[in-house]
Amino acid sequence: MIPRITTAKHRPAWQTELARAIRSRRELFGILGIIPPAGYPDALSTDFPLRVPRGFVSRMKPGDINDPLLRQVLPVADEHDHVEGYSVDPLGELSAMPENGLLHKYQGRALLTVTGACAVNCRYCFRRHFPYSEANPAMDDWQPTINYLRDNPDISEIILSGGDPLSLTDERLSHLVDRLAGVPSLATLRIHTRLPVVLPERIDEIFLSWISHLRLNVVIVIHSNHPNEIDEQVSTALRQLNEAGMTLLNQSVLLKGVNDQAETLVHLAKKLFSSGVLPYYLHMLDRVRGAAHFAVSEAKAEQLMIDCHARLPGYLVPRLVREEAGERGKILIWPS
Ligand SMILES: *Cc1c(COP(=O)(O)O)cnc(C)c1O
Ligand code: SF4
């Protein structure tokens with residue numbers, strides 16, 4: 001079912017929240033009651049500006065410049081350090097993205113980049129130097145993708161990625177999904193999204209009504225890095241997805257000063273589980289320029305996994321992976 005066109009008057013609440021996202025450091029510090037310390041110059045270059053929804057800010061601890069949620073979104077002077085091995089396109093994927101946005105690297109699954117837009121700008125994002133790839137006029141022409149999927153019936157799962165696929169309107173997204181559901185060989189739709197965490201308003205009745213009536217299995221892979229990200233509102237949104245029959249998984253990025261302690265990862269796993277989500281992947285940081293201050297060594301990461309494994313049931317321990325440029329793709333580090 002395709003929802004009717006939303007007029008400005010009937011704009012869903014989540015779009016209003018999205019438009020109200022904070023983009024000014026002064027306002028952010030004002031809300032949090034933080035006096036900007038030295039080392040946070042006001043005029044940083046802004047090819048990847050501050051952008052964070054207000055609900056996410058409300059989960060930060062007032063007065064704490066080291067808050068783990070704040071750290072993920074606050075531009076800092078460290079981003080200007082040039083560190084050996086960190087590049088603008090670490091996966092060599094953005095510059096070489098196929099024209100129709102479809103990546104078919106693994107057997108049985110294909111990944112479709114549907115938009116470059118996001119609700120939040122995460123400082124560690126591997127797309128941080130290409131945030132405006134949504135300005136692709138071909139993005140509404142799904143015919144080449146549909147043709148490819150019909151020609152390759154061994155693909156049974158289509159993964160929508162981005163950017164954030166849920167930053168598309170229901171009208172556009174359900175139109176695409178209806179086309180995909182018309183490909184008989186597809187059995188599963190997977191959506192990689194951070195919106196249920198940073199903008200839980202997105203999981204509204206309109207979305208739930210069309211997504212829960214597909215013939216496809218639906219898997220939602222959310223992106224949460226710290227237990228403080230999951231408050232009552234996020235938890236409710238996640239449980240609604242769960243009750244509507246979707247499988248919920250989480251991927252995290254291992255970030256220094258955010259979640260590089262076993263205690264934090266254990267707490268996150270338990271909190272996810274109580275909202276109906278299973279931990280799936282823990283990613284090593286992509287070596288993107290400007291993010292080196294988030295790096296955690298692979299030796300430390302493996303030790304964290306061993307500590308988590310000792311303290312959690314097996315089904316709550318994610319797999320530790322690293323992305324590599326070119327054909328190699330995801331590399332499993334732990335369990336090895
Ligand atoms: C990560 C990824 C997938 C999905 O891999 P899973 O191990 O099934 O999660 C598919 N295609 C591409 C290009 C990917 O990067
Ligand atoms: S939500 Fe994902 S794609 Fe968007 S900025 Fe954050 S890490 Fe990047």
Side-chain angles (χ1 to χ4, degrees), residues 32 52-74 119-120 122-125 192-200 203 219-243 246-285 291 293-322 332-335:
L32 293 172
V52 55
R54 285 166 198 271
F56 195 74
V57 174
S58 73
R59 291 170 236 152
M60 296 174 185
K61 191 164 154 239
D64 185 1
I65 189 85
N66 296 315
D67 179 88
L69 276 57
L70 179 61
R71 186 168 162 83
Q72 294 177 59
V73 299
L74 180 67
V120 61
C122 309
R123 308 317 300 172
Y124 53 85
C125 182
H192 284 179
T193 176
R194 198 170 194 205
L195 260 77
V197 175
V198 299
L199 200 84
I203 310 307
V219 181
I220 308 266
V221 183
I222 64 164
H223 169 184
S224 176
N225 300 317
H226 192 282
N228 293 1
E229 293 172 23
I230 303 168
D231 66 357
E232 210 35 56
Q233 194 185 3
V234 172
S235 189
T236 301
L238 295 171
R239 273 192 249 104
Q240 282 176 316
L241 293 170
N242 207 262
E243 279 158 21
M246 285 162 248
T247 298
L248 296 181
L249 304 170
N250 179 61
Q251 46 188 348
S252 305
V253 180
L254 183 56
L255 301 166
K256 186 175 169 184
V258 174
N259 58 7
D260 58 339
Q261 301 208 338
E263 179 75 26
T264 309
L265 293 170
V266 165
H267 189 188
L268 175 62
K270 289 181 177 171
K271 214 152 172 191
L272 287 165
F273 183 60
S274 61
S275 302
V277 185
L278 291 176
Y280 183 39
Y281 281 137
L282 178 63
H283 291 264
M284 294 297 292
L285 179 74
H293 57 290
F294 287 115
V296 175
S297 74
E298 215 162 283
K300 172 155 189 194
E302 286 188 70
Q303 187 57 50
L304 282 170
M305 296 311 301
I306 291 165
D307 294 347
C308 287
H309 180 63
R311 295 168 59 178
L312 286 166
Y315 59 86
L316 290 187
V317 183
R319 272 152 276 192
L320 179 67
V321 292
R322 156 167 54 89
L332 185 63
I333 305 172
W334 195 95

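Side-chain atoms are counted along with the backbone in the values below, which use heavy atoms only and exclude waters and symmetry mates.
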Counting only heavy atoms not in [X] (residues, nucleotides, ligands), do more than 12 fall under 6.0 Å from its [atom1]?
X    : atom1 : result
E263 : CD    : no
E298 : CD    : yes
H293 : NE2   : yes

Closest heavy-atom contact between [X] and [Y]?
X    : Y    : result
M305 : P318 : CE-O, 3.0 Å
V234 : P196 : CG1-O, 3.6 Å
N228 : L69  : CB-CD1, 3.7 Å
V197 : F56  : O-CD1, 4.3 Å
P279 : L272 : CG-CD1, 4.3 Å
I230 : S275 : CG2-OG, 4.0 Å

Could you check whether any side-chain heavy atom of [X] comes within less than 4.5 Å of a side-chain heavy atom of [Y], counting everything from C-beta outward?
X    : Y    : value
W334 : R319 : no
P200 : T236 : no
F294 : V253 : no
T193 : I220 : yes
N259 : P68  : no
K270 : R311 : no

Distance (rounded to the nearest 0.5 Å) between [X] [atom1] and [Y] [atom2]:
X    : Y    : atom1 : atom2 : result
T264 : K271 : OG1   : NZ    : 12.0 Å
I65  : L70  : CD1   : CG    : 6.0 Å
I222 : S252 : CD1   : OG    : 8.5 Å
M284 : L255 : CE    : CG    : 10.5 Å
L248 : R239 : CG    : CZ    : 11.5 Å
L254 : L282 : CG    : CG    : 5.0 Å

- Knowing that exactly one of H283, Q72, Q251, R71 qualifies, which makes a side chain to side chain donor-acceptor pair (under 3.5 Å) with N225? Q72
- Query: Would you say S235's side chain and E232's backbone share a donor-acceptor pair under 3.5 angstrom?
  - Reply: no
- Verify, without hydrogens or angle tests, whether N242 (side chain) and G276 (backbone) share a donor-acceptor contact under 3.5 angstrom. yes
